[in-house]
Trainee: 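I'd like to ask some things about the structure below.
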Amino acid sequence: MSVIFAGLRRLLYRGYDSAGVAVGADGRIEWRKKAGKIANLDEELAARPLPASTIGIGHTRWATHGGPTDANAHPHLSADGRVALVHNGIIENFASLRAELVGEGVAFRSETDTEVAAVLLGRELDSAGDLAGAMRRVCSHLEGAFTLVAIDARDPTRVVAARRNSPLVVGVGRGENFLASDVAAFIEHTRDAIELGQDQVVVITADTIEVTDFEGGPVEVNPYHVDWDTTAAEKSGYDWFMRKEIFEQPRAVADTLLGRYSDNGELVLDEIRIGPEELRRVDKIIIIGCGTAYYAGMVAKYVIEHWTRIGCEVELASEFRYRDPIVDANTLCVAISQSGETADTLQAIRHAREQGSKVIAICNTNGSTIPRESDAVIYTHAGPEIGVASTKGFLTQLIACYLLGLFLAQVRGVKFGDEIGAVMDELAGMPPRIQRLLDGADEVYGLAHELIDQGDYVFLGRHVGYPAAMEGALKLKEIAYLHAEGFAAGELKHGPIAIINPGMPVFVIVPPAGRDQLHDKVVSNIQEVRARGARTIVLAEEDDGEVDAYAERVIRLPRVSTLLQPVLAVVPLQLFACELATALGNDVDQPRNLAKSVTVE
């Protein structure tokens, strides 16, 4: 029981509203589950301990079907109480299955789609004779995305699970084996893992692991080793994982760059398994992402078009396949996802591949679904990101986008080696520049406390500063629960300037001087909002004196090329959001209504 509970604690970063556990003991299922924080379950277990057992399952739920109540929390039981089951994802045809079962006299205890699967599994077990066979039969009736994990009260030696469109990984131990949606759940016990493929069933005992497809046929598995341990998932003295992860960014960026540039002056991306000739035929690039990943993609558009001269579109993954996109064999899709399990992005790349497109994934999680279903992958090597609001995940995604843009330029012969080398040298110098910003965190924290009574914020930027401004606004929305908007500064006069009120904080990201006319135009935008009484907080280069007359506060950024500025500009915005949310008394790591890995469409 202690192993399961500890694993659940390590998965709390995904977001949840209830938690529960079940064990098989003495020929019966014993379970406990409670709505709310996991502390509620802890209290319930202290008051009503579960019996000792060598098999068990646990779950933290994020409500989809039915509200966050004790009854709707997982695990769910079969009608006869023999089987206990937990589930991630959504069973899309649950309503028709439930109606059929109700018509046959089944009385449901919850509003969930999960209980339908539990009841079906119990029925199939009676005829199949073993839980694995029953699981395969049930999966043939289900539509949608699901990971199902179940135990049988009459078989205290094994746990059975199935996967379709939702993450599931096996932990390979000695005299013990594990199943989880993330390796963090069992990392204390083993760092050897197997990622389950699509439409596969796994049976684990203390000593064996058997993987089959939904028809019962054997399948090959892909073992891998996790290169981080439990200390990487601890706070290391910080009050929040998010703050710790903000301060880990110099190392994360350095790790993402490590080994990418050879001694002979060539960019090396070993994970790119698409041939040079295919990359040279690409005539359009579509970048797909959600939330923070989408904003990284917006930066990538500027970078890739500038360096390769290939037309580039950026798409919200949730909209992509529903608008009948124009995709063919000469289209390259770039999918950005921190977890590698984002359901919207996964469905988007599947649609793209059906149309003949090649897909490159940018991802932080080794062995996750999106990289495995892509033709190539650039891993960001950020390490585990526990805070729901992404920080080091975003910065390393930007670095990966720069690497991809340079690699495409190199393969297509549109940039000279010394030009690529100059950019790589500047990227290599980013970690100490990020550290300089982190060393000045107290100034940003002071600003957060000064603005604690403000309820509306505006963030402005142009060129690559525009997506950086949108990311700054998103961070404030996610964890401070405040109204914040990111705008392209040039669009102010086309409507948004109407919302500027006296005293409203407006953050402005100023491009480096000398970039066409952008610098002077953004200075004019500062004057526009200052004239309406806004409190202007300006992020500008350390030697940019032109902004001083129009800024209530200036946050100085180290000098870099225009295209690389977002890597630095977002750091003070992350610090500001984290400190303001803390001052407001919010749960920074687990903001309300959000989950770290969004595995439903």
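No experiment lies behind these values; they were computed from the predicted model shown. The analysis underlying the following values was restricted to heavy atoms, covering all of them including side chains, and did not include hydrogens, waters or symmetry mates.
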Trainee: Taking only residues two or more places apart in sequence, or in another chain, which ones meet His351 in a side chain to side chain contact (heavy atoms under 4.5 Å, CB included)?
Mentor: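 Result, side chain to side chain contact (heavy atoms under 4.5 Å, CB included) vs His351: Phe320, Arg321, Pro325, Glu354, Gln355.
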Trainee: Check the angle between the aromatic planes of Phe94 and His65 and answer parallel, tilted or perpendicular using the 30° and 60° thresholds.
Mentor: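 Perpendicular, since the angle between the ring planes exceeds 60°.
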Trainee: Is the closest side-chain donor-acceptor distance between His87 and Thr147 under 3.5 Å?
Mentor: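 Their side chains do not contain a donor-acceptor pair, so the 3.5 Å distance test is not met.
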Trainee: Should we count CZ of Arg323 as having more than 12 external heavy atoms under 6.0 Å?
Mentor: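 Result for CZ/Arg323: enclosed.
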Trainee: Please determine whether a side-chain nitrogen of the Lys or Arg among Asp70 and Lys33 lies less than 4.0 Å from a carboxylate oxygen of the Asp or Glu.
Mentor: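 Looking at Asp70 and Lys33, the cut-off is not met.
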Trainee: Can Asp587 and Lys37 be counted as an ion pair, charged N to O under 4.0 angstrom?
Mentor: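 Looking at Lys37 together with Asp587, the answer is yes, because their closest N to O distance falls below 4.0 Å.
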Trainee: Would you check if Val83 and Leu77 make a side-chain contact, meaning some heavy-atom pair closer than 4.5 Å?
Mentor: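 No, their side chains stay 4.5 Å or more apart.
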Trainee: Say you draw a straight line from CG of Asn88 to OG of Ser181; how long is it, rounded to the nearest 0.5 Å?
Mentor: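 Answer for the CG-OG pair, Asn88 versus Ser181, is 5.5 Å.
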Trainee: Between OG1 of Thr380 and CZ of Phe394, what distance do you get to the nearest 0.5 Å?
Mentor: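 With rounding to 0.5 Å, OG1 (Thr380) is 12.5 Å from CZ (Phe394).
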Trainee: Distance from Glu471 atom CD to Ser390 atom OG, nearest 0.5 Å?
Mentor: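 Interatomic distance, Glu471 CD to Ser390 OG, rounded to 0.5 Å: 7.0 Å.
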Trainee: Which value, rounded to the nearest 0.5 Å, describes the distance between Asn165 atom CG and Gln347 atom CD?
Mentor: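 Rounded to the nearest 0.5 Å, the CG-CD separation comes to 5.5 Å.
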Trainee: Do the non-hydrogen side-chain atoms of Phe178 and Glu176 ever get within less than 4.5 Å of each other?
Mentor: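 Heavy-atom side-chain distance check passes, below 4.5 Å.
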Trainee: Pick one: which of Val149, Leu179, Val160 meets side-chain contact (heavy atoms from CB on, under 4.5 Å) with Ile204?
Mentor: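 So, applying the side-chain contact (heavy atoms from CB on, under 4.5 Å) to Ile204 and each of Val149, Leu179, Val160, only Leu179 qualifies.
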Trainee: Answer yes when Glu188 and Arg10 have at least one side-chain N-carboxylate O distance shorter than 4.0 Å, and no when they do not.
Mentor: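 Yes.
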Trainee: Test salt bridge (charged side-chain N to carboxylate O under 4.0 Å, His left out) on Lys392 and Glu248; report intermediate values, then the result.
Mentor: CA-CA 7 Å; Lys392 65 177 181 176; Glu248 288 176 339; 2.7 Å; yes
Trainee: Start with the C-alpha gap between Arg353 and Asp375, add the side-chain angles, then the distance that decides, and say whether salt bridge (charged side-chain N to carboxylate O under 4.0 Å, His left out) holds.
Mentor: CA-CA 9 Å; Arg353 296 193 77 192; Asp375 299 287; 2.9 Å; yes
Trainee: Under the side-chain hydrogen bond (donor to acceptor under 3.5 Å, both in side chains) criterion, do Thr331 and Ser357 qualify, and how do the steps go?
Mentor: CA-CA 5 Å; Thr331 304; Ser357 171; 5.4 Å; no
Trainee: The test is side-chain hydrogen bond (donor to acceptor under 3.5 Å, both in side chains); show your working for His381 and Thr396 and say whether it passes.
Mentor: CA-CA 8 Å; His381 304 303; Thr396 53; over 6 Å; no
Trainee: Between Glu373 and Arg350, does at least one N-O distance fall below 4.0 Å, as a salt bridge requires?
Mentor: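 Looking at Arg350 together with Glu373, the answer is yes, because their closest N to O distance falls below 4.0 Å.
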Trainee: Under a 4.0 Å threshold between the charged nitrogen and the carboxylate oxygen, would Glu104 count as salt-bridged to Arg123?
Mentor: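 A salt bridge is present here (some side-chain N lies under 4.0 Å from a carboxylate O).
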Trainee: Using the rule side-chain contact (heavy atoms from CB on, under 4.5 Å), only one of Ile287, Ile336, Ile370 pairs with Ile362; which is it?
Mentor: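 Only match with Ile362 under side-chain contact (heavy atoms from CB on, under 4.5 Å): Ile336.
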Trainee: Whether Arg9 and Asp42 form a salt bridge (side-chain N of Lys/Arg under 4.0 Å from carboxylate O of Asp/Glu) is what I want to check.
Mentor: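 Counted as a salt bridge, because a side-chain N and a carboxylate O are separated by less than 4.0 Å.
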Trainee: Before you tell me yes or no, could you show the steps for Ile91 and Val116 under side-chain contact (heavy atoms from CB on, under 4.5 Å), namely the whole-Å CA-CA distance, both residues' side-chain angles and the distance that decides it to 0.1 Å?
Mentor: CA-CA 9 Å; Ile91 298 170; Val116 171; 5.8 Å; no
Trainee: Please determine, by modelled atom types, if Thr342 and Asp344 share a side-chain donor-acceptor pair under 3.5 angstrom.
Mentor: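 Thr342 vs Asp344: no donor-acceptor pair found between side chains.
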Trainee: Can Asn72 and Thr69 be said to form a side-chain hydrogen bond (donor to acceptor under 3.5 Å, both in side chains), step by step?
Mentor: CA-CA 5 Å; Asn72 288 333; Thr69 65; 3.2 Å; yes
Trainee: Looking only at the side chains, is there a donor atom on one of Glu341 and Ser368 sitting less than 3.5 Å from an acceptor on the other?
Mentor: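 There is no such pair (donor and acceptor under 3.5 Å, judged by atom type) between the side chains of Glu341 and Ser368.
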Trainee: Is there a side-chain contact between Ser374 and Ile360, using heavy atoms and a 4.5 Å cut-off?
Mentor: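 No, side chains not in contact.
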Trainee: Have a look at Thr292 and tell me which of Glu478, Gln397, Lys475, Gln338 forms a side chain to side chain donor-acceptor pair (under 3.5 Å) with it.
Mentor: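 Of the listed options, the one satisfying the test is Lys475.
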Trainee: Validate the cation-pi geometry between Arg98 and Phe108: distance from NZ or CZ to the six-membered ring centre under 6.0 Å, angle to the ring axis within 45°.
Mentor: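 Yes, cation above the ring, under 6.0 Å and within 45°.
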Trainee: May I ask you to decide if Lys34's main-chain N or O and Asn40's side chain share a donor-acceptor pair within less than 3.5 Å?
Mentor: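 Judged by distance alone, no pair lies under 3.5 Å.
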Trainee: With a 4.0 Å cut-off on N to O distance, would you call Arg137 and Glu124 a salt bridge?
Mentor: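 A salt bridge links Arg137 with Glu124.
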Trainee: Has the side chain of Asn222 got a donor or acceptor atom that lies under 3.5 Å from a matching backbone atom of Ile194?
Mentor: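 Judged by distance alone, no pair lies under 3.5 Å.
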Trainee: Could you check whether any side-chain heavy atom of Asn586 comes within less than 4.5 Å of a side-chain heavy atom of Thr582, counting everything from C-beta outward?
Mentor: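 Asn586 vs Thr582: side chains apart.
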Trainee: Please determine, by modelled atom types, if Gln198 and Arg163 share a side-chain donor-acceptor pair under 3.5 angstrom.
Mentor: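 Short answer, yes.
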Trainee: Is Glu30 salt-bridged to Arg28, cutoff N-O under 4.0 Å?
Mentor: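 Result for this pair is yes, salt bridge flagged.
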Trainee: As a quick check of understanding, evaluate side-chain hydrogen bond (donor to acceptor under 3.5 Å, both in side chains) for Thr205 and Asp207, giving each step before the final call.
Mentor: CA-CA 5 Å; Thr205 69; Asp207 302 304; 5.4 Å; no
Trainee: Please check if the number of heavy atoms outside Trp240 that lie under 6.0 Å from its CH2 is greater than 12.
Mentor: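 Count over threshold, so yes.
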Trainee: Verify, without hydrogens or angle tests, whether Ser53 (side chain) and Val23 (backbone) share a donor-acceptor contact under 3.5 angstrom.
Mentor: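 Side chain of Ser53 to backbone of Val23, a donor-acceptor pair under 3.5 Å: no, none is there.
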Trainee: Say whether Thr208 and Arg158, considering side chains only, have a donor N or O and an acceptor N or O under 3.5 Å apart.
Mentor: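 Their side chains do not contain a donor-acceptor pair, so the 3.5 Å distance test is not met.
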